[in-house]
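In this text, all values refer to a predicted model and were calculated from it rather than measured experimentally.
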2 protein chains.
Amino acid sequence: MNIGEAAAASGLPAKTIRYYEDMGLVAPRRDANGYRSFGEGEIHRLAFLNRARGLGFSLEDCRALLGLYADDGRASEDVRRLAADHLARIDARIAELKAMRETVAGLVSACAGGDRPDCPILDDLATGPLCAHTGKPV
Amino acid sequence: MNIGEAAAASGLPAKTIRYYEDMGLVAPRRDANGYRSFGEGEIHRLAFLNRARGLGFSLEDCRALLGLYADDGRASEDVRRLAADHLARIDARIAELKAMRETVAGLVSACAGGDRPDCPILDDLATGPLCAHTGKPV
DNA sequence: CCTTGACCCTCCAGCTACTGGAAGCATCAT
DNA sequence: ATGATGCTTCCAGTAGCTGGAGGGTCAAGG
């Protein structure tokens, strides 16, 4: 299987597969002509990577997960901890984005739109959030 | 005001202020000794940037927002649209992260932890999600 | 045999938004 | 004079690709 077929089979772009090889995450053999040759095992690894990346694991996490996957003597606790840490980072990021979302949504709905220049969005960015009661910067 | 004071006044690291100057977002004068000299206007711009970045706007968005802020003839609709687009991107990102979160949370709670090697997290990554009824890949 | 088109290869550059560090002046307090 | 800051520039690195240049390979058709 050359890289094009591996890409189709794993769902990853060929460019990404080459990049993962540079990163040491896959190590396909080479044909006499220099073309990469992927076996079942490599395709499996690539699909594993595709799924792990799709769940937001970093490449370093993926490296660790592949290592644990290959290690028959692993403790599932190690995998669980890695995933739990990742979950915590996702939750933190969601919280951050939700806070932004609320503020931005408030600004968007406060702005009338239209041709006039007066805009609460710019006012807020220029002076910081204002107190709803006093109208002064918080 | 030199860069250290500007950093303290705006809340941005000095390094970041220099970077913003490279990007053309601020243009402080220079003293005879070559030091950057920030006036009230620059400090205001930097604080504006700090707040906009804190709401997740890209530097290009910030550039556009500063342009609109400086333009007395602006239409507030332009600002509103920019912010609304940003809001849509935030929402998309949150949805993406929530989907990841649900999957990862499911995997974490399915994994017993402990010393044994059997781990549903790795099983899922290796074969893709399985159907709850048939136990076969979806 | 030659060409055409679709593959494949390597290497380099660029993306976002900084951040760290080295080498070298300027300033200020002692 | 000296040592501690603080300022300057420039270079490199971060994560994870992605695009493109320049070139080799291979199978099919004329």
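- Checked for salt-bridge contact, A:Arg89 and A:Asp61 meet the test: a charged N lies under 4.0 Å from a carboxylate O.
- For the residue pair A:Arg93 and B:Leu97, the shortest heavy atom distance occurs at CG-CD1, 3.5 Å.
- For the pair A:Tyr20 and D:dC17, the criterion of a side-chain N or O lying under 4.0 Å from OP1 or OP2 is met.
- Rounded to whole Å, the distance from CG on B:Leu46 to P on C:dA17 is 16 Å.
- In the hydrophobic clustering of this structure, B:Leu82 groups with B:Leu49; members are Ile, Leu, Val, Met, Phe, Trp, Tyr whose side-chain heavy atoms approach within less than 4.5 Å, directly or through other members.
- Judged as a salt bridge (charged side-chain N to carboxylate O under 4.0 Å, His left out), and not counting sequence neighbours, B:Asp115 has no contacts.
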Which letter, B, S or -, goes with each nucleotide of nucleotides 6-11 of chain C from 5' to 3', with contact meaning a protein heavy atom under 4.0 Å?
-BSSBB
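- Separating the CG atom of B:Asp22 from the C1' atom of D:dA12 is a distance of 15 Å, rounded to the nearest angstrom.
- In terms of phosphate contacts, B:Thr16 brings no side-chain nitrogen or oxygen within less than 4.0 Å of OP1 or OP2 of C:dA17.
- B:Glu60 is linked by a salt bridge (charged side-chain N to carboxylate O under 4.0 Å, His left out) to B:Arg63, counting only residues two or more places apart in sequence or in another chain.
- Note that the two end axes of the helix from C:dC1-D:dG30 to C:dT30-D:dA1 enclose an angle of 30°, each drawn from 5 base pairs, rounded to 10 degrees.
- The salt bridge (charged side-chain N to carboxylate O under 4.0 Å, His left out) test applied to B:Arg29 returns no partner, not counting sequence neighbours.
- Minimum heavy-atom separation, A:Phe38 to A:Arg36: CE1-CB, 3.6 Å.
- Atom OH in A:Tyr19 sits about 15 Å away from atom C1' in C:dC12, given to the nearest Å.
- Taking the side chain as every heavy atom from C-beta outward, A:Arg30 and A:Ser37 never approach each other to under 4.5 Å.
- The nearest pair of heavy atoms linking B:Ala83 to A:Ile121 is CB-CD1, 3.8 Å.
- Residues from residues 48-61 of chain B that place a heavy atom under 4.0 Å from any atom of DNA chain C, listed by number: B:Arg53, B:Ser58, B:Leu59.
- B:Ile43 and B:Tyr35 are assigned to two separate hydrophobic clusters, defined by single-linkage of ILVMFWY side chains at heavy-atom distances under 4.5 Å.
- Electrostatic pairing of A:Glu77 and A:Arg80 counts as a salt bridge here, judged by a charged N lying under 4.0 Å from a carboxylate O.
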